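One structure is given below, encoded as structure tokens.
Because the structure is a prediction, the values reported are computed rather than measured.
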Amino acid sequence: MRSYSRSTPAIAPLRTRPRAITALISLATTLGLALTLLAAAAPPAAAADLLSQGKPATSSSSENASTPASAAVDGNTGTRWSSTFGDPQWLGVDLGATATISRVVLRWEAAYARAFQIQTSDNGTTWTTIYSTTSGTGGVQTLDVNGNGRYVRFHGTQRGTAYGYSLWEFQVYGSGGGTPPGNEIPDPTTASLEATDGPLTTASYTVPNPTGYGSGTVTYPTNSGSYPGVVLMPGYQGTQQNLQWLAPRLASWGFVVINVGTNTLTDDPESRGRQITAAGTQLLALGNAAGNPLSGKLNGTLGAVGHSMGGGGVMAALRDDPRFRAGVPTAPYHPNANFSAVTEPTFFLTCQRDPVAHGNTYAVPWYNSMSQAEKLYIEVPGDHLCPMTGYGNKAKQGKWTVSFLSRWLRADTRFSPFLCGPVRDADKNDASLVTRWMDTCPH
């Protein structure tokens with residue numbers, strides 16, 4: 001190491017330096033200050049967008065019906081995808097268009113991956129690895145990556161436990177990708193929400209072989225893109241006619257709606273809940289299959305609306321099937337049921353003069369018991385039939401239902417003002433329209 005003698009001459013004080021050196025030092029100081037100011041004024045780099053949430057997801061396998069691929073991209077850390085117990089396994093998401101991928105976050109349940117890759121693809125067939133490890137630790141893994149593709153997948157080659165692979169969330173960040181859910185829908189207004197039809201054109205499709213329920217007619221947007229699915233369930237002795245008014249209305253606001261006929265007209269609420277689950281399963285399967293008009297239309301998120309015993313069935317589906325992320329039970333009926341464990345957003349629509357399923361008997365006790373859920377309760381004039389086709393104020397009922405499901409199935413906060421705040425108050429404070437209103441605002 002070179003050493004310096006104590007006799008090394010010191011730099012002369014500034015006052016004794018040559019004028020040229022002083023000028024250079026002054027210039028450097030000025031430039032340094034300018035660069036500092038420029039750096040302070042420069043805008044920060046744009047934050048990466050979450051591209052994967054709500055997009056179509058597929059996997060090599062699922063452990064069971066309650067752990068589907070869609071649960072890993074639904075934004076809910078209480079639901080998860082899990083695979084069968086074997087290697088290899090994969091979970092993929094379709095971003096809708098080519099995107100630049102900069103970060104992937106894996107939120108593991110206890111069953112994690114020891115060895116895995118993150119891969120991208122333009123066509124869903126040929127894959128490029130942009131991250132690889134053989135020493136995964138589980139927990140929450142945030143991976144800085146650099147890649148491009150429409151499709152992004154986790155590909156596990158060695159499990160970290162004896163179980164499968166299980167992710168609460170698979171989050172892909174970057175820029176580009178397909179249009180976020182809801183962006184093709186114009187900003188809602190009171191007039192547009194109270195109109196019979198929304199902004200999107202729709203078409204219908206009859207399910208050829210209903211599985212686990214009686215019949216199904218699907219109304220869907222003809223626009224390109226993928227949407228949440230909604231199951232409509234009639235009440236006792238009811239048919240698809242019960243909620244036929246709602247199917248095209250919802251579809252024209254960006255939902256794929258299956259209007260269900262039951263196995264028998266007298267099926268009880270628990271049976272109707274199971275049929276809601278079966279219809280949701282088949283709706284998602286049609287979205288994942290080729291050769292039908294619903295192919296690619298479903299984004300993996302599900303909701304349900306039901307009347308009377310069908311409303312009781314909606315509550316049962318929310319209680320038992322984590323794929324259902326929001327529900328609208330109308331004039332719901334289900335004797336001796338406990339729904340305090342339901343945590344998903346729920347909109348109870350009841351009828352003031354209902355002799356069959358008055359809100360005080362069923363919906364209000366359920367509402368009060370659901371301490372962890374976002375909730376809306378609206379009672380309107382009319383008897384038990386008030387939510388059915390041909391009864392009640394459909395402009396208002398449609399506005400509330402579309403807004404609630406848009407807010408909670410599509411995370412579209414543009415619809416919140418129609419449920420919370422001054423815009424809502426025009427309805428809430430109109431005694432001729434609403435006889436009781438409760439909510440958990442702000443959403």
side-chain contact (heavy atoms from CB on, under 4.5 Å) with Val423: which residues, sequence neighbours excluded?
-> Thr190, Pro417, Phe418
Qualifying residues under side chain to side chain donor-acceptor pair (under 3.5 Å), relative to Thr126, sequence neighbours excluded | none
Got a sec, which residues hit ring pair (Phe, Tyr, Trp, His ring centres under 6.0 Å) with Tyr163, two or more places apart in sequence or on another chain?
-> Phe85
Sort and list the pairs that fulfil salt bridge (Lys or Arg N to Asp or Glu O under 4.0 Å) and have at least one residue in residues 296-320, not counting sequence neighbours.
-> Glu270-Arg319
Provide the full list of salt bridge (Lys or Arg N to Asp or Glu O under 4.0 Å) pairs with a residue in residues 355-383, sequence neighbours left out, each pair given once.
-> Glu379-Arg436
What residues, two or more places apart in sequence or in another chain, satisfy ring pair (Phe, Tyr, Trp, His ring centres under 6.0 Å) together with Trp253?
-> Phe415
Distance-only criterion, 3.5 Å: show the donor-acceptor pairs between side-chain atoms of residues 301-316 and protein atoms not counting sequence neighbours.
| residue | atom | partner | partner atom | Å |
| --- | --- | --- | --- | --- |
| Thr301 | OG1 | Asn299 | OD1 | 3.4 |
| His307 | NE2 | His384 | O | 2.9 |
| Ser308 | OG | His384 | NE2 | 2.9 |

Between Leu376 and Tyr367, does a side chain to side chain contact (heavy atoms under 4.5 Å, CB included) hold up when you go through it step by step?
-> CA-CA 8 Å; Leu376 173 63; Tyr367 178 102; 5.9 Å; no
With sequence neighbours excluded, what pairs up with Tyr205 under the ring pair (Phe, Tyr, Trp, His ring centres under 6.0 Å) test?
-> none
Are the side chain of Asp321 and the backbone of Ala317 linked by a donor-acceptor contact shorter than 3.5 Å?
-> no
How would you list all residue pairs meeting salt bridge (Lys or Arg N to Asp or Glu O under 4.0 Å) that involve residues 64-90, not counting sequence neighbours?
-> Asp74-Arg325, Arg80-Glu109, Asp87-Arg159
Give every residue pair that meets the salt bridge (Lys or Arg N to Asp or Glu O under 4.0 Å) criterion with at least one member in residues 240-269, sequence neighbours excluded.
-> none
Mind checking whether Tyr220 and Thr202 have side chains closer than 4.5 Å, heavy atoms only?
-> no
Please identify each residue that fulfils ring pair (Phe, Tyr, Trp, His ring centres under 6.0 Å) with Trp168, with sequence neighbours left out.
-> none
Taking only residues at least two apart or on different chains, which pairs with a member in residues 279-292 satisfy side-chain hydrogen bond (donor to acceptor under 3.5 Å, both in side chains)?
-> Tyr213-Gln282, Thr281-Arg323
